[in-house]
Amino acid sequence: MSDDNKDTGGAAGSDEPREGARPEEAPRERVIRTPSPARDRELLAEGDISAPAGAGEQLDEASAKRAERVVATFFLVAFAASVGFIAYYIGWSGRDGGMHGVDRARESNFWLGGLMALSFLALAIGVTIWVRRLMTSKPIVQERHLPAADEQTRAAFNEDFMEGAADSGITRRPLLRRTLLLASAPLGLAPLVLLRDLGPLPEKKLRSTFWAKAVEEAHKQGKKGVRLVVDGTNKPLRVSDFSSPGSMITVLPEGIEEHVPEDRVLTETAKAVTILINIPEDQFKPAKGRENWHVNGIVAYSKICTHVGCPAALYEQTTHHILCPCHQSTFDATNAAKVVFGPAARPLPQLPLSVEDGYIVATSDYHEPIGPSFWERG
């Protein structure tokens with residue numbers, strides 16, 4: 001290759017600086033549509049592009065006063081909505097015996113949810129306007145330091161905190177400070193009001209069911225006990241109607257709808273619901289002291305699981321196991337419904353049975369509290 005070609009190639013195709021030239025004087029070729037070197041330095045922040053001194057540190061007081069009134073209005077709305085939430089919860093949501101039925105539940109959800117949402121929304125809007133319109137926008141630079149906080153750092157934090165408080169205007173704008181506290185106070189009380197749902201305490205109401213009252217009424221009439229009726233049909237159950245071994249049916253005490261106020265029927269029914277099982281007598285092992293609690297292998301247990309109260313409504317005829325579908329607690333129907341598997345802590349309570357005029361009757365209430373074990377301490 002000739003020297004001419006070498007020189008030409010070096011000038012046109014090489015970015016190497018010429019011999020003797022200083023690096024800063026090296027020629028730089030510019031690709032079409034790329035920024036100029038001056039613009040390139042600006043994009044790379046090589047120049048001073050910080051805001052002018054004092055920019056954003058002053059507020060238009062007239063505009064600030066208007067914004068202050070707007071913020072205070074939203075805080076007052078938040079306060080009114082919170083008070084409305086508490087007032088509705090205490091004064092209206094529990095009227096006429098409580099929130100029964102779909103319509104009452106829908107009404108309660110609308111007012112309680114709507115008022116609480118309005119309170120939080122108004123508070124959030126007020127705080128947002130406060131930050132955007134009433135606080136200065138001066139640049140803030142925060143340096144990174146080691147996590148350990150020495151005395152100097154704590155002092156700097158206190159200084160920054162006081163400066164931020166002064167910058168927010170909370171110390172020199174009493175209207176905002178007072179309305180913010182007013183709006184926040186009911187929100188702090190709302191959780192305490194909601195604790196009302198945990199009471200009143202049940203005391204000893206959970207220690208008995210409607211079986212006790214029904215048996216008492218039957219004894220007053222000279223009867224041996226209260227008849228068992230089929231759940232859904234309210235038909236009294238004869239021994240001959242339930243003579244097939246391996247059968248299971250749900251029963252209730254007779255007269256529950258006639259002797260219980262309408263607003264308490266569902267509650268008393270849920271407590272008194274019982275499963276009746278026909279177990280072959282040769283496989284039935286009555287617990288000590290309960291030898292006469294069954295009728296030819298027909299035995300009754302509470303349907304409410306002793307774990308968390310789910311309905312123990314599944315029955316395996318081959319194993320005579322009662323199964324709760326919620327957490328798989330399993331009870332042995334042939335052996336006083338003792339727990340054989342699962343998280344339940346105690347057996348299903350057993351209902352004493354007898355026969356009167358061919359009908360299956362209960363001679364007393366359950367001898368122990370029904371339902372989850374913690375109810376025993378209610």
Flag yes if more than 12 heavy atoms outside [X] fall under 6.0 Å of its [atom1] atom; otherwise flag no.
| X | atom1 | answer |
| --- | --- | --- |
| Glu159 | CD | no |
| Gln152 | CD | no |
| Arg178 | CZ | no |

| field | Stepwise side chain to side chain donor-acceptor pair (under 3.5 Å) test for Lys224 and Ser354 | value | CA-CA 8 Å; Lys224 193 175 182 179; Ser354 186; 2.7 Å; yes
Residues [X] and [Y] bridged, charged N to O under 4.0 Å:
| X | Y | value |
| --- | --- | --- |
| Arg346 | Glu368 | yes |
| Glu216 | Lys213 | no |
| Arg177 | Glu68 | no |

Under 3.5 Å, which donor-acceptor pairs do the side chains of residues 247-256 form with other protein atoms, sequence neighbours left out?
from   : atom 1 : to     : atom 2 : distance (Å)
Ser247 : OG     : Ser244 : O      : 2.8
Thr250 : OG1    : Lys303 : NZ     : 3.1
Glu254 : OE1    : Arg227 : NE     : 3.0
Glu254 : OE2    : Arg227 : NH2    : 2.7

| task | For Thr128, check side chain to side chain contact (heavy atoms under 4.5 Å, CB included) against everything at least two apart and list the hits. | result | Arg132
| task | Look only at the side chain of Thr363 and the backbone of Val361, and say whether a donor-acceptor pair between them is shorter than 3.5 Å. | result | no
| task | Indicate the ring-plane relationship of His320 and Tyr315, choosing parallel, tilted or perpendicular according to the 30° and 60° boundaries. | result | tilted
| message | Can you see whether His259 engages Glu217 through a side-chain donor-acceptor pair at a distance of less than 3.5 angstrom? | response | no
| message | Quick one about Ser108 and Tyr89 (side-chain donor to acceptor, distance below 3.5 Å, no hydrogens or angles considered), yes or no? | response | no
| task | List the steps, then state whether side chain to side chain contact (heavy atoms under 4.5 Å, CB included) holds for Leu314 with Ile322. | result | CA-CA 6 Å; Leu314 301 179; Ile322 305 168; over 6 Å; no
| said: Using the ring centroid of each side chain, check whether Phe284 and His294 are separated by less than 6.0 Å. | reply: yes
| remark: Shortest non-hydrogen pair, Thr274 vs Ala300, comes out as CG2-CB, 3.8 Å
